[in-house]
Protein chains: 4
Amino acid sequence: MAAKTTFENLPEEKRARIVEAAIEEFGAHPYASASTNRIVKAAGISKGSMYQYFENKSALYRWLVWEHAAQVKGRYVSAKAYGEAMETGDLLGFLRVAMRGGVVFTLDHPRLARAALRLMEGSADEELGRMKEEHLRMGEQVMRMFVEKGQRMGKLDPDLDPELVSPLIAHATGPMLVDAMMVKMGTTLDGYLNRPEEWTRMTEAEIDGFVDGVMMILERGLAPKPA
Amino acid sequence: MAAKTTFENLPEEKRARIVEAAIEEFGAHPYASASTNRIVKAAGISKGSMYQYFENKSALYRWLVWEHAAQVKGRYVSAKAYGEAMETGDLLGFLRVAMRGGVVFTLDHPRLARAALRLMEGSADEELGRMKEEHLRMGEQVMRMFVEKGQRMGKLDPDLDPELVSPLIAHATGPMLVDAMMVKMGTTLDGYLNRPEEWTRMTEAEIDGFVDGVMMILERGLAPKPA
Amino acid sequence: MAAKTTFENLPEEKRARIVEAAIEEFGAHPYASASTNRIVKAAGISKGSMYQYFENKSALYRWLVWEHAAQVKGRYVSAKAYGEAMETGDLLGFLRVAMRGGVVFTLDHPRLARAALRLMEGSADEELGRMKEEHLRMGEQVMRMFVEKGQRMGKLDPDLDPELVSPLIAHATGPMLVDAMMVKMGTTLDGYLNRPEEWTRMTEAEIDGFVDGVMMILERGLAPKPA
Amino acid sequence: MAAKTTFENLPEEKRARIVEAAIEEFGAHPYASASTNRIVKAAGISKGSMYQYFENKSALYRWLVWEHAAQVKGRYVSAKAYGEAMETGDLLGFLRVAMRGGVVFTLDHPRLARAALRLMEGSADEELGRMKEEHLRMGEQVMRMFVEKGQRMGKLDPDLDPELVSPLIAHATGPMLVDAMMVKMGTTLDGYLNRPEEWTRMTEAEIDGFVDGVMMILERGLAPKPA
DNA sequence: CATGAATGAGGTTTCATTCAT
DNA sequence: CATGAATGAAACCTCATTCAT
């Protein structure tokens with residue numbers, strides 16, 4: 001939707017170079033400061049070519065975070081788990097899966113994760129503004145659905161206001177999660193990106209412990225009141 | 001620290017014009033897109049003057065969010081409450097005060113709040129990067145202090161990992177709070193800024209209910225396990 | 001001359017699509033701003049194909065106004081009338097026929113007329129410059145021939161300087177005519193093109209009256225002095 | 001109105017260099033093809049400076065033709081003659097003065113005249129489109145005023161339709177005049193600009209004869225019918 | 001004969017900052 | 001202390017045309 005067919009048809013190697021360059025640039029600079037000039041130079045293609053592949057700068061970014069990042073991240077959260085959670089209304093179960101996936105995705109692809117997070121920063125670009133609003137709306141809808149289902153099934157406190165819980169959860173599993181993760185590693189996402197060799201990646205066990213910690217707080221916070 | 005003495009000595013009226021113009025600009029555009037040219041034009045001063053008052057663009061922004069915004073926001077959170085909470089280790093009590101203050105501050109000064117939130121967006125400017133890191137570190141330290149004190153006093157679950165809880169709380173009382181607030185009003189912060197007349201401000205009662213809602217989740221989530 | 005044989009041999013439907021797209025583009029934009037990219041996109045052909053049909057941008061334009069527009073316009077001015085006027089030296093009779101044809105052609109094909117008028121605007125393209133010069137020279141020659149014949153036959157004032165009268169007539173029956181016509185309709189050619197539905201086309205009677213008005217001025221102005 | 005005060009305050013010598021460069025460029029290329037890059041290079045100023053003097057490209061052009069050219073041309077048509085013609089309703093007398101001024105202006109400043117004529121060519125720029133429409137409207141109003149006054153005073157045929165006569169006269173004293181003049185000199189305006197040394201300027205006597213020739217046609221064409 | 005990816009020069013404009021007055 | 005003209009790098013994007021397939 002965001003990339004032209006020209007881009008889809010590119011030889012894998014060239015396509016990869018462009019993707020890599022874009023991730024690098026949008027990962028390192030806010031959207032407004034990211035430079036298409038630098039991207040094409042790093043990718044070794046001409047300025048004109050980039051505009052054969054993408055309508056404009058915002059279309060490139062859109063593709064990167066909405067299609068590419070989404071697809072890569074999708075590999076970390078199984079569709080099965082999502083489906084099961086939907087059926088059973090198991091919000092918390094789903095959150096655990098989603099958070100774990102998010103953590104590992106961020107550790108495996110920190111620059112891409114950083115680039116995607118920038119969507120929330122807002123920008124002068126109208127297109128980006130719309131993307132942000134839509135992303136927020138969609139996230140909120142999904143969360144609200146889960147919350148309401150969970151309440152109906154008696155797994156969440158029925159007195160909780162879904163309008164309040166859904167953004168809380170969206171944050172808890174998105175930006176806040178990344179922040180906490182980095183605090184846990186003793187750095188920040190930007191610091192991690194600048195000198196990745198300096199920090200040791202969380203082990204699987206640490207990841208589990210970390211996710212359990214957050215989950216425990218959410219579970220207790222959202223559970224129905226004991227009779 | 002960020003502003004030169006020339007700026008401090010300015011006639012109140014002129015100073016106010018500059019502050020107002022800066023809030024407007026940094027509230028409406030990401031840091032990189034914010035234009036000093038537009039600010040001086042809106043403030044009715046010369047470009048040279050601006051550089052007499054502030055070293056450069058980032059110094060102006062630094063002053064705006066670290067000195068001005070902090071001072072304005074300080075009026076919404078009484079020092080007394082902060083002190084009492086420190087003494088009693090009453091993290092939750094403090095959070096309630098802080099959140100309420102944050103909500104009202106955001107409603108009273110939405111553009112300034114938006115400008116300040118942009119600090120977290122990261123930027124190409126190194127100075128700003130340092131500011132962001134420092135802001136995060138400081139926030140975390142304060143929170144950690146509270147958490148550890150609360151645990152020692154038996155008011156928080158001693159098994160909670162402070163490294164995990166502090167960023168969670170920082171988010172819950174910062175960006176997440178603003179998001180949730182805006183969802184509650186049916187908009188987003190940017191939407192609210194673009195068309196302020198379109199949305200009705202939360203009433204005092206609504207604010208209380210909103211804060212109570214968040215607090216209840218935190219209280220239950222962080223409380224010591226029942227024996 | 002301007003189009004390659006490949007273009008002439010094209011299936012009618014495809015050829016029509018290209019012509020239509022070119023008229024649209026050259027009618028809407030000055031030559032320099034007109035975009036071959038947009039034309040091929042609108043026509044649904046490949047860029048390479050366009051260069052199989054026409055040497056380059058200026059050849060396409062050349063064909064459009066010198067071959068296509070000339071042919072279409074020719075349908076509005078009968079060859080018979082032209083021949084008769086030539087034989088009888090009836091400049092004024094010919095002008096009446098030519099003006100009426102020009103008016104109806106412009107009303108029937110306003111975009112094509114606009115595209116053709118652009119030739120007179122001059123351009124950075126050398127080829128176009130030559131076209132313009134040649135067009136002017138040819139028009140002037142025809143007019144001069146008529147004027148001199150008319151003078152010899154006693155239908156025009158013999159004191160008139162043909163070098164002066166011929167460009168006057170060329171304008172009166174070309175750009176000036178179109179302008180006057182549009183003033184009569186209460187708009188301009190560009191305004192008419194932008195919102196064609198907004199203006200009501202001149203009726204046949206109005207066209208006749210309009211042409212008669214211009215002719216009357218020319219007749220009196222160019223007639224031999226009464227003895 | 002079109003130029004910023006920055007430009008008005010410039011040292012005469014620098015200002016002249018810029019004006020000269022702009023005339024050269026807009027005289028030699030259609031508006032869309034004219035390049036601000038070439039102008040600043042020729043004028044020996046920086047790109048940024050040009051944008052301190054003028055809002056943008058169209059503002060520069062606007063100033064050049066609406067303020068500068070108008071002022072220069074004004075020197076060739078005395079305000080006194082204009083005023084007198086207004087009082088006496090002497091359209092033809094005014095036209096003679098205006099045409100003579102136009103001819104000499106064009107001979108003295110052919111590139112500036114060419115640049116100004118380009119306004120009528122239409123362009124992709126919206127601002128320019130508005131300029132053109134306004135210019136046409138204004139010219140037509142002035143002409144119509146003259147025509148109606150001339151008719152009331154019995155100097156023009158009362159049966160003439162002002163809506164038809166005014167664009168005719170506007171052309172006759174504008175683009176058509178320049179064309180005819182150049183035909184008289186055996187060239188075209190563009191040919192004259194490219195190789196000015198090749199053509200000999202009309203003498204004063206020739207100019208008078210030329211203007212008389214056009215005037216005679218108009219006089220007879222517009223005069224009231226003899227009783 | 002058709003295709004459409006590739007090109008890179010060039011377009012206009014904005015920017016933060018300096019410094020002579 | 002105030003001014004605002006000057007700067008030139010950099011921004012995003014479009015263009016007509018070519019040529020290998």
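Scope of the values below: all heavy atoms of this structure, side chains included, with no hydrogens, waters or symmetry mates. Note that the structure is predicted; figures quoted are calculated from it, not measured.
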Considering every strand and a 4.0 Å limit on heavy-atom distances, what is the contact class for [X]: base, sugar-phosphate, or nothing?
X     : value
D/T6  : sugar-phosphate
B/K4  : nothing
C/I45 : nothing
B/F54 : nothing
B/A32 : nothing

Are there over 12 heavy-atom neighbours, none belonging to [X], within less than 6.0 Å of that residue's [atom1]?
X     : atom1 : answer
A/H29 : NE2   : yes
C/H68 : NE2   : yes
B/K4  : NZ    : yes

inquiry  = Both B/N9 and A/S33 contact DNA chain F. Taking the nearest nucleotide for each, which residue is further toward the 5' end?
reply    = B/N9
task = Using the closest heavy atom to pick a nucleotide of DNA chain F for each, name whichever of D/K14 or C/N56 lands nearer the 5' end.
result = D/K14
If only side-chain N and O atoms of [X] are considered, is one of them under 4.0 Å from the OP1 or OP2 phosphate oxygen of [N]?
X     : N      : value
B/K41 : F/dG4  : no
C/S46 : E/dG4  : no
A/S35 : F/dC12 : yes
D/T36 : E/dT12 : yes
B/R38 : E/dC15 : yes
A/N37 : F/dA10 : no

message = As a test of reading the structure: which of F/dG8, E/dA16, F/dC12 is closest to the side chain of A/K57, going by heavy atoms?
response = F/dC12
Distance, rounded to the nearest Å, where [X] contributes [atom1] and [N] contributes [atom2]:
X      : N      : atom1 : atom2 : result
C/Q52  : F/dA20 : CD    : C1'   : 13 Å
A/I39  : F/dA10 : CD1   : P     : 16 Å
A/Y51  : F/dC15 : OH    : P     : 13 Å
D/E8   : F/dG4  : CD    : P     : 16 Å
B/K47  : E/dC19 : NZ    : C1'   : 14 Å
C/L60  : F/dT17 : CG    : C1'   : 14 Å
D/H29  : E/dG10 : NE2   : P     : 13 Å
B/E126 : E/dA16 : CD    : P     : 18 Å

key: Presence of salt bridge, B/E134 and B/R130, under 4.0 angstrom   = no
query = On DNA chain E, nearest-nucleotide positions of D/A34 versus C/Y53: which is more 5'?
reply = C/Y53
key: Comparing A/T5 and B/S58 on DNA chain E - which has the more 5′ nearest nucleotide   = A/T5
task = Would you confirm whether D/S58, through its side chain, and D/L128, through its main-chain N or O, come within 3.5 Å as a donor-acceptor pair?
result = no
query = Do C/K14 and C/Y53 meet the cation-pi criteria used here (NZ or CZ under 6.0 Å from the six-membered ring centre, within 45° of the axis)?
reply = no
message = Could you tell me the Watson-Crick or G-U partner of F/dC12, where both distances fall under 3.5 Å? Say none if there is no partner.
response = E/dG11
request  = Using Watson-Crick or G-U wobble geometry with both distances below 3.5 Å, tell me the partner of E/dA20, or none.
outcome  = F/dT3
